[in-house]
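A short write-up of the structure that comes next.
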Amino acid sequence: MKVQGYAAQQAKSPLGPFSFERREPGDHDILIDIEYCGICHTDIHQVGDEWGGSIFPMVPGHEITGIVSKTGLKVTRYKTGDRVGVGCFVDSCRKCDACNKNLEQYCTNGMVTTYNGTGKDGSITQGGYSNKIVVDENYVLRIPESIPLDSAAPLLCAGITLYSPLMHWKAGPGKKVAIIGLGGIGHMGVKIAHALGAEVTVLSHSLKKQEDGKKLGADYFYTTSDPATFEKLKGHFDLIINTVSADIDWNQYLELLSLDGSMVVVGIPEKQTSVGAFPLVAGRRSLAGSLIGGIKETQEMLDFCGKNNIASEIELIPIQKVNEAYKRILASDVRYRFVIDIKSLV
Ligand code: NAP
Ligand code: ZN
Ligand code: ZN
């Protein structure tokens with residue numbers, strides 16, 4: 001079927017109108033009329049081919065919400081009219097250890113990413129900056145009625161990317177959690193960690209968002225541009241989640257961990273980082289990483305957000321403003337996620 005979207009034709013080129021083909025829904029597929037799509041910093045990394053391997057033309061977008069408009073003959077979980085979402089992947093091998101443990105994001109045979117990937121039929125996947133998508137029902141999420149579809153969209157990547165490590169490293173009452181970077185994924189971390197009952201500190205590269213930080217649920221807010229922050233908070237945190245998309249010195253932050261504390265990296269800068277042994281061995285500290293979350297956990301996160309009235313803080317834009325939005329994200333000028341109103345695609 002013909003689909004309208006916005007694509008980058010080559011690395012770093014501005015996005016513009018693009019029409020392309022998607023498969024007709026098969027027996028297990030559903031067709032979704034996309035209403036909203038969040039802009040993740042990953043879209044910018046991929047359009048810029050910063051991690052290598054980008055495929056063009058590229059229609060980015062993996063924070064998708066919309067309404068089911070058609071279902072395949074064997075679909076059992078969804079019906080026409082349902083409010084649904086699609087996150088960062090649309091398929092996986094379904095038989096490796098990771099897939100069997102509901103951790104499809106770590107599929108050892110490679111998950112099929114929502115865009116910039118290759119589907120099982122060999123076609124290149126295209127994402128949510130478009131008006132329709134066809135996805136196997138097993139890789140589709142249900143959006144709770146209490147969350148509007150526009151502010152729900154960023155939960156599909158930003159929400160799960162922070163929920164998963166917060167759960168895995170047991171953030172909760174009595175735990176001191178720091179979130180580095182109050183951006184799209186970072187602000188979801190503040191909200192979720194606060195709802196889980198942890199003490200939450202934001203470490204931001206300026207004090208510009210201090211008031212917001214408190215409103216979002218942070219107990220404390222410090223700027224990392226002041227060297228005194230690193231003195232004051234030495235050895236303080238049980239868990240630090242680093243969401244920063246740019247190069248920062250991880251060693252400085254490891255020193256802020258308490259005995260047995262963990263720093264979990266979720267931000268993925270373009271360049272490699274060097275880590276010294278001393279900050280790790282002194283304090284038996286751990287350095288780890290985490291990638292989005294599986295389908296089961298993503299549904300749990302959505303239900304948790306529905307129950308706790310959590311959604312993303314968004315700035316809704318027409319798709320024609322996507323290139324401007326990219327520039328503003330790079331300048332840390334977004335509070336806190338741009339979401340594209342797909343109705344603007346005409
Ligand atoms: P974002 O909205 O641009 O947020 C990044 C934040 O990092 C900024 O708001 C800023 O926060 C901080 N920052 C930016 N430049 C900085 C600099 N030069 N020095 C220090 N801090 C800086 O991006 P996002 O969408 O949240 O994504 C963040 C990163 O996570 C990206 O690399 C993205 O690819 C990655 N990501 C990973 C996963 C995963 O599964 N692991 C999932 C989604 C995204 P302050 O202004 O508060 O300092
Ligand atoms: Zn993302
Ligand atoms: Zn697998």
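Because the structure is a prediction, the values reported are computed rather than measured. Whatever order the structure lists them in is the order used to number ligands and atoms, beginning at 1. Position 1 is the first residue of the sequence; numbering continues from there.
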Practice item. Below 4.0 angstrom from a heavy atom of C157, which ligand 1 atoms are there? Numbered from 1 as shown, please. Key: 42 (C), 43 (C)
Review point. What's the count of protein N, O or S atoms under 2.8 Å from the Zn ion (ligand 3)?
Key: 4
Check your understanding: Quick one: do the Y129 and D43 side chains pair a donor with an acceptor below 3.5 Å?
Key -> yes
Exercise for review: Decide salt bridge (Lys or Arg N to Asp or Glu O under 4.0 Å) for D82 and R142; before the verdict, give the C-alpha distance in whole Å, the side-chain angles of both, and the deciding distance to 0.1 Å.
Suggested key: CA-CA 8 Å; D82 282 355; R142 189 176 294 283; 3.3 Å; yes
Review point. Does S206 have a heavy atom less than 4.0 Å from any atom of ligand 1?
Key: no
Review point. For the side chain of T125 and the backbone of G117, is there at least one donor-acceptor N/O pair under 3.5 Å apart?
Key: yes
Review point. Quick one: do the Q299 and D303 side chains pair a donor with an acceptor below 3.5 Å?
Key: yes
Check your understanding: Applying a 4.0 Å heavy-atom criterion (strictly less than), which segment of V244 is in contact with ligand 1: side chain, backbone, both, or neither?
Key -> both
Study note, to complete from the structure: Residues at least two apart in sequence or cross-chain that pass ring-ring contact (aromatic ring centres under 6.0 Å, His included) with Y336, listed by chain then number, are H187
Point to revise | Polar side-chain atom of E104 near backbone of I295 as donor-acceptor pair, under 3.5 Å | key: yes
Practice item. Would you give the length of the straight line joining atom CD1 of I310 to atom CG of L302, rounded to the nearest 0.5 angstrom? Key: 11.5 Å
Point to revise | Contact with ligand 1 for R337, non-hydrogen, under 4.0 angstrom | key: yes
Exercise for review: Return the set of residues passing side chain to side chain contact (heavy atoms under 4.5 Å, CB included) with R94 (not counting sequence neighbours), or none when no residue passes.
Suggested key: D91, S92, K120, D136, N138, Y139
Practice item. Would you check whether W51 reaches within less than 4.0 Å of ligand 1, judged by its heavy atoms? Key: yes
Study note, to complete from the structure: Any heavy atom of K209 under 4.0 Å from ligand 1? The part involved is side chain
Practice item. Please confirm whether the backbone N or O of K132 pairs with a side-chain atom of R22, one donor and one acceptor, at under 3.5 Å? Key: yes
Practice item. Using a cut-off of 2.8 Å, find all protein N, O or S atoms closer to the Zn ion (ligand 2) than that distance. Key: C40 SG, H62 NE2, C157 SG
Review point. What do the steps show when you test Q46 against N116 for side-chain hydrogen bond (donor to acceptor under 3.5 Å, both in side chains), and what is the final call?
Key: CA-CA 8 Å; Q46 301 269 42; N116 198 35; 3.1 Å; yes
Review point. Is T224 reaching over with its side chain to a backbone N or O of S204, donor-acceptor style, under 3.5 angstrom?
Key: yes
